[in-house]
Visitor: 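Pasting a structure here, questions to come.
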Amino acid sequence: MQYVKGDILTHDGFKKGYLGFEKNRLIDLRSGSPPEKPLAKGLIVPTFVNSHTHVGDSFIKKKKIKLPRNVEDLVAPPNGLKHRLLEKASEEEIIDGMKTSIDEMMGTGTSYFCDFREDGINGVYLLSNALKNRKIGSIILSRPQQMSYDKNEVELLLKNSFGIGLSSISDWEYSEIEKIARHAKQGKKIFALHASEVVREDIDLILDLKPDFLVHMVLATESDLTRVKDENISVVICPRSNAFFNLKMNLKLMKKTKVDLMLGTDNAMLNIPNVLKELRYLRNSTTVFSTQELLNMITYTPRKALNLDDCIHGPNSSGNFVVLDRKSLKSVYISNK
Ligand SMILES: [Zn+2]
């Protein structure tokens, strides 16, 4: 048996103690000191969930081109630079980029990621292809190829993915997005979308779609966030992506309204999908959140929102964990590496 010692992040906050484990299986979770010298000491937390990625554009990062720092020109469908580059790229190039991102996540303690796939059913196949022989949980959210609703297409997408993840309502004809959302909900699948990233969008229209979670909410007002909290909908924030586009979230408001927050790394062409880096970036740019609150954004909160059950509950759970240095929050030990 091997041991790690320190402050274990549980559902109820940090508890002092140690974990005993064997072959990635947790045998013991106790207070006090382990019977043998621990492999590592520090903050012991469940492996991470990266709640928002677009790994499909990883290949663009490799091109090292100067990207426009404006959402409309870079990522808005269908004419943003990203979509034009995707159209020109070969499937092999896209899949290779995806593999780089997946390996980055696997190597840095992420056990699940939630990807907003573009390019219709083909986009789902590309990611499934990149995931072959790689051990990581993937929550693939797909979207129609065109900006319109087609019953058969959505049926196929829902069959082959965890649900639908769309760009914002501003990009869409509302009646089309409504039909897609309703279809996803009827199929008991996830429906999520980007919201209020560069302009404040109508929260009533957004909530009428019954989303499972929202991404960004940079320009949301206090009442928007309160409505979201009241509906029990979590929000994924992507601080490094916002910073790239010079968008400023109101973190104090987010904390005040107590909306459940999760962290995502957003477009892989902007930042490598290391969600712990995203967390450290947020910690360095604000004092609004405690270490515990920050760590919950990449561990327990997304697991609750995405219905994942792979945590370090106690003896015999299969949950993997990461030990972090208390000060730097850099990982000193990753159990599933
Ligand atoms: Zn996004």
Side-chain angles (χ1 to χ4, degrees), residues 8-11 13 24 26 43-55 58 98 101-117 127 130-131 134-141 161-163 165 189-192 194 211-217 232-241 254 259-268 271-283 289 291-313 317-324 329-331 333-337:
I8 306 163
L9 184 65
T10 71
H11 283 285
N24 281 342
L26 213 64
L43 303 177
I44 302 165
V45 302
T47 45
F48 313 133
V49 180
N50 187 341
S51 300
H52 186 62
T53 62
H54 300 264
V55 294
S58 308
M98 287 174 164
S101 283
I102 295 164
D103 291 344
E104 168 70 24
M105 291 190 272
M106 286 172 60
T108 50
T110 295
S111 55
Y112 279 95
F113 71 106
C114 180
D115 196 73
F116 276 43
R117 287 290 35 248
L127 182 52
L131 282 162
R134 284 173 162 79
K135 275 175 105 184
I136 186 165
S138 56
I139 296 128
I140 303 179
L141 301 183
S161 63
F162 278 73
K189 294 278 181 143
I190 296 175
F191 177 77
H194 296 74
D212 290 277
F213 64 88
L214 297 170
V215 184
H216 294 313
M217 294 296 271
N232 237 330
I233 295 169
S234 356
V235 172
V236 185
I237 54 173
C238 309
R240 288 185 301 172
S241 165
M254 288 188 170
V259 65
D260 280 337
L261 295 175
M262 323 198 269
L263 271 184
T265 54
D266 212 2
N267 298 88
N271 295 298
I272 52 162
N274 179 338
V275 79
L276 184 62
K277 266 199 174 163
E278 195 76 38
L279 179 148
R280 290 201 301 264
Y281 175 86
L282 185 57
R283 187 173 76 148
F289 302 105
T291 300
Q292 185 181 320
E293 284 168 331
L294 290 169
L295 288 168
N296 274 325
M297 294 179 197
I298 62 170
T299 55
Y300 290 108
T301 309
R303 280 179 169 87
K304 192 176 112 203
L306 298 167
N307 268 323
L308 307 172
D309 186 25
D310 67 323
C311 260
I312 44 178
H313 294 307
S317 64
S318 58
N320 284 302
F321 58 88
V322 179
V323 185
L324 302 171
L329 294 190
K330 288 191 174 159
S331 51
Y333 183 81
I334 302 175
S335 75
N336 63 343
K337 204 170 173 177

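What you see is a predicted model; the values in this text were computed from it and never measured. Atom set for the values below is all heavy atoms of this structure, side chains included, hydrogens, waters and symmetry mates excluded. Position 1 is the first residue of the sequence, and the numbers go up from there.
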Visitor: Specify the closest pair of heavy atoms between S138 and L131, including all atoms of both residues, with the distance to one decimal.
Guide: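 So the two residues come closest at OG-CD1, 3.3 Å.
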Visitor: State, to 0.1 Å, how close L306 and C114 come at their nearest heavy-atom pair, and which atoms those are.
Guide: CD1-CB, 4.4 Å
Visitor: Taking the side chain as C-beta and beyond, is there a heavy-atom pair between V275 and T53 under 4.5 Å?
Guide: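 No, every pair of side-chain atoms sits at 4.5 Å or beyond.
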Visitor: If you measure from CD1 on I298 to OG1 on T47, what distance do you get to the nearest 0.5 Å?
Guide: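 Reported value, rounded in 0.5 Å steps: 9.5 Å.
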Visitor: Mind checking the CD-CD1 spacing from E278 to I272? Nearest 0.5 Å is all I need.
Guide: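 Separation between the atoms: 10.5 Å.
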Visitor: Report the residue from L261, V235, I233 that forms a side chain to side chain contact (heavy atoms under 4.5 Å, CB included) with M217.
Guide: V235
Visitor: Under 4.5 Å between any side-chain heavy atoms of F191 and P211, yes or no?
Guide: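 SC-SC contact between F191 and P211 confirmed.
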Visitor: Nearest 0.5 Å, what's the OG-NZ distance between S161 and K189?
Guide: 6.0 Å
Visitor: Report yes or no: do N50 and T265 form a side-chain donor-acceptor pair below 3.5 Å?
Guide: yes
Visitor: Run the numbers on I139 and L308 for side chain to side chain contact (heavy atoms under 4.5 Å, CB included), then give the verdict.
Guide: CA-CA 10 Å; I139 296 128; L308 307 172; 4.0 Å; yes
Visitor: Hey, what do you get for OG (S234) to CZ (F213), rounding to the nearest 0.5 Å?
Guide: 8.0 Å
Visitor: Taking the side chain as everything from C-beta on, heavy atoms only, tell me whether M98 gets closer than 4.5 Å to D115.
Guide: no
Visitor: Check L324, L295, N274, T291 against L279 for a side chain to side chain contact (heavy atoms under 4.5 Å, CB included) and give me the one that passes.
Guide: L295
Visitor: Taking all non-hydrogen atoms of both residues, which atom of I136 and which atom of Y112 are closest, and how far apart?
Guide: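 Scanning both residues completely, I find the closest heavy atoms to be CG1-N, 4.3 Å.
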Visitor: Taking all atoms of both residues into account, what is the closest heavy-atom pair of G107 and I334, and its distance?
Guide: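 Closest approach of G107 to I334: O-CD1, 3.6 Å.
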Visitor: Going through the distances and angles, do F116 and V215 end up as a side chain to side chain contact (heavy atoms under 4.5 Å, CB included)?
Guide: CA-CA 11 Å; F116 276 43; V215 184; 3.8 Å; yes
Visitor: Among side-chain atoms of T301 and N296, is any donor-acceptor pair under 3.5 angstrom?
Guide: no
Visitor: Could you measure the distance from the CD atom of E104 to the CZ atom of F113? Nearest 0.5 Å is fine.
Guide: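 So the gap between those two atoms works out to 12.5 Å.
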Visitor: Verify side chain to side chain contact (heavy atoms under 4.5 Å, CB included) between L9 and Y300, making sure each step is shown before the conclusion.
Guide: CA-CA 9 Å; L9 184 65; Y300 290 108; 3.8 Å; yes
Visitor: Just checking, any donor-acceptor pair under 3.5 angstrom between side chains of H216 and H52?
Guide: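 No, no side-chain donor-acceptor contact under 3.5 Å.
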Visitor: For the side chain to side chain contact (heavy atoms under 4.5 Å, CB included) test, which of I140, L127, N267 pairs with V55?
Guide: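 Between V55 and the candidates, side chain to side chain contact (heavy atoms under 4.5 Å, CB included) is satisfied uniquely by L127.
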Visitor: Can you tell if the side chain of R303 reaches within under 4.5 Å of the side chain of V49, non-hydrogen atoms only?
Guide: yes
Visitor: Measure the SG-CG distance between C238 and L263 for me, rounded to the nearest 0.5 Å.
Guide: 8.0 Å
Visitor: List the steps, then state whether side chain to side chain contact (heavy atoms under 4.5 Å, CB included) holds for T108 with S331.
Guide: CA-CA 8 Å; T108 50; S331 51; over 6 Å; no
Visitor: At their closest point, which heavy atom of R240 faces which heavy atom of K277, and how far apart are they?
Guide: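 Looking at all heavy atoms of both residues, the shortest contact is NH1-CB, 3.9 Å.
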Visitor: For P239 and L282, work out which heavy atoms get closest and say how close.
Guide: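 Result for this residue pair: CG-CD1, 3.9 Å.
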Visitor: Suppose we screen for side chain to side chain donor-acceptor pair (under 3.5 Å). Which residues come up paired with D103, at least two apart in sequence or across chains?
Guide: R134
